[in-house]
Amino acid sequence: MMRIGWMDFQRSWWTISCTVLLVCQAMAQSIPVFPGEHWQERSPAEAGMDAQLLDSLVDMLGGRGCVVADGYIVRSWGDQSERSDWMSAVKPVFSTMLFFAVEEGKLTSVDAKIRKLGWPLLPKDRSMTFAHLANMISGYARPEKPGKAWAYNDYAIQLYHLSLFDRVFKQPATEAFMQRLGVMQFEHKLDFREDKPRIRASVRDFARIGLFWLSKGNWAGNQILPRKYFDRYMKPHVRRNLPHTKSGPKTHNDYLGIGTFGGGSDHFVDIGAGIYGFNWWFNGTGRLHPDKLTWPDATPKTFMAVGAGGNVLVVIPEHNLILASAKGDWGSLEKGVGKSDGKFNRAVKLLLASYLK
């Protein structure tokens, strides 16, 4: 009878344990189906979802939208081909393009200095980086130095997109975007407005951006952008204890004269510390809600892009779910943070409840 030594037993047990773990992880992370020119569709029942609860979600939000599960459209409402401005929900696209700029060697890293692009920055702003702009902590047009305060700052976003497209890619935004992401075969033509750096797209085409992030840069088996960018940056990057910018009538200074992406240099919300990163909102605790998650009934990894006028993109990695909603009735992001009865939380709760798997 062959006798197995203790060391051999340990090695065998370790090999078996690692194999079982890898198999379980693979089973838990089902690979989505990717759309071609058109999305594939399934009924809610075929996708293991509750049709009545999805109907309740549609009734709550209104507007136009679609729900994607495992890469299939399982519910849609409103005119699916209508193209409209996604407002600030476009901002994560800028960060996607930032990653391309780094990967292509056009920038050394996300921490590349803005001043090296020729901007005549004030002395207090000379340490400003692309990461500062992407995380709303740049200090541009505000009193603070980069990294010292949070401000939802559309003048800084203007500087972000001008730096990326005019001075790094040196291409119009639509051309630069489609050259790198046209492989996603946008069904209804996605482009950037000429007067504002914002995307016009249908809900089905905007959902493809969510799927690109959900799959961490992979599209139909091709790794378009290395996974490392999503592993590093698909999470909050604003310190939870970072203070809010100072307020007052003389605290705004657009000294470069670049104008705004749409709003002020301190507007919309005060809640970014702890839950904002590379232009996405994440489900975490923050400076203003230290004991409560952004959306209490959402999964821990849920993240969103949020634009004015009810333009919202929801990604739920744990269940391969995406919700693209244009001109929906979402209520206030800030007033609903940490509250079970907030409309953002209620919508995500309904979506998750409809998922029967």
Side-chain angles (χ1 to χ4, degrees), residues 85-96 98 110 114 125 128-164 196-199 233 235-256 258-290 294-295 303-314 330-339 342-344:
D85 186 338
W86 282 82
M87 308 297 281
S88 288
V90 70
K91 290 171 182 174
V93 173
F94 298 155
S95 291
T96 309
L98 171 61
V110 299
I114 298 299
D125 287 338
M128 186 191 304
T129 67
F130 276 93
H132 287 137
L133 291 170
N135 291 304
M136 298 287 190
I137 57 173
S138 70
Y140 178 70
R142 306 302 306 160
E144 299 85 8
K145 292 182 179 180
K148 299 302 182 182
W150 156 267
Y152 195 86
N153 186 342
D154 271 358
Y155 284 81
I157 290 296
Q158 186 84 332
L159 180 57
Y160 190 15
H161 96 80
L162 288 173
S163 297
L164 272 175
K196 292 285 184 181
R198 301 200 295 254
I199 277 179
Y233 303 121
K235 56 188 174 183
H237 276 264
V238 180
R239 289 197 333 265
R240 183 174 148 179
N241 63 349
L242 195 69
H244 190 75
T245 186
K246 296 176 183 177
S247 60
K250 296 183 180 180
T251 56
H252 171 80
N253 179 18
D254 176 24
Y255 61 87
L256 293 177
I258 56 177
T260 176
F261 172 87
S265 63
D266 175 28
H267 79 122
F268 186 42
V269 290
D270 298 343
I271 56 172
I275 63 171
Y276 196 81
F278 288 87
N279 304 118
W280 291 101
W281 298 93
F282 292 90
N283 195 25
T285 56
R287 179 173 52 82
L288 298 181
H289 51 105
T294 316
W295 311 291
F303 60 97
M304 302 188 194
V306 180
N311 296 290
V312 177
L313 180 63
V314 181
W330 285 85
S332 167
L333 173 64
E334 183 167 25
K335 291 180 180 178
V337 162
K339 298 178 181 178
K343 207 156 190 183
F344 276 81

For Lys148, give me all partners under side-chain contact (heavy atoms from CB on, under 4.5 Å), at least two apart in sequence or on another chain. Glu144, Lys145

Measure the spacing between [atom1] of [X] and [atom2] of [Y] and express it to the nearest 0.5 Å.
X	Y	atom1	atom2	value
His161	Arg198	NE2	CZ	10.0 Å
Met304	Trp295	CE	CH2	4.0 Å
Tyr140	Asp154	OH	CG	13.0 Å
His132	Ile114	NE2	CD1	10.0 Å
Trp280	Ile275	CH2	CD1	14.5 Å
Asp270	Glu334	CG	CD	4.5 Å

Quick one: list whatever passes ring-ring contact (aromatic ring centres under 6.0 Å, His included) with Phe268, sequence neighbours left out. Tyr152

For Tyr276 and Trp281, run ring-ring contact (aromatic ring centres under 6.0 Å, His included): C-alpha distance rounded to whole Å, both residues' side-chain angles, the deciding distance at 0.1 Å, then the answer. CA-CA 5 Å; Tyr276 196 81; Trp281 298 93; 4.7 Å; yes

Please enumerate all residues that pass salt bridge (Lys or Arg N to Asp or Glu O under 4.0 Å) together with Asp125, with sequence neighbours excluded.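 Asp125 satisfies salt bridge (Lys or Arg N to Asp or Glu O under 4.0 Å) with no residue once adjacent residues are dropped.
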
Over all heavy atoms of both residues, which pair between Thr260 and Lys196 is shortest? Give the atoms and the distance, please.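 So the two residues come closest at O-NZ, 3.1 Å.
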
Quick check against the 3.5 Å criterion: does Arg142 have a side-chain atom that pairs as donor or acceptor with the backbone of Lys246?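 Checking the backbone N and O of Lys246 against the side chain of Arg142, a donor-acceptor pair under 3.5 Å is found.
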
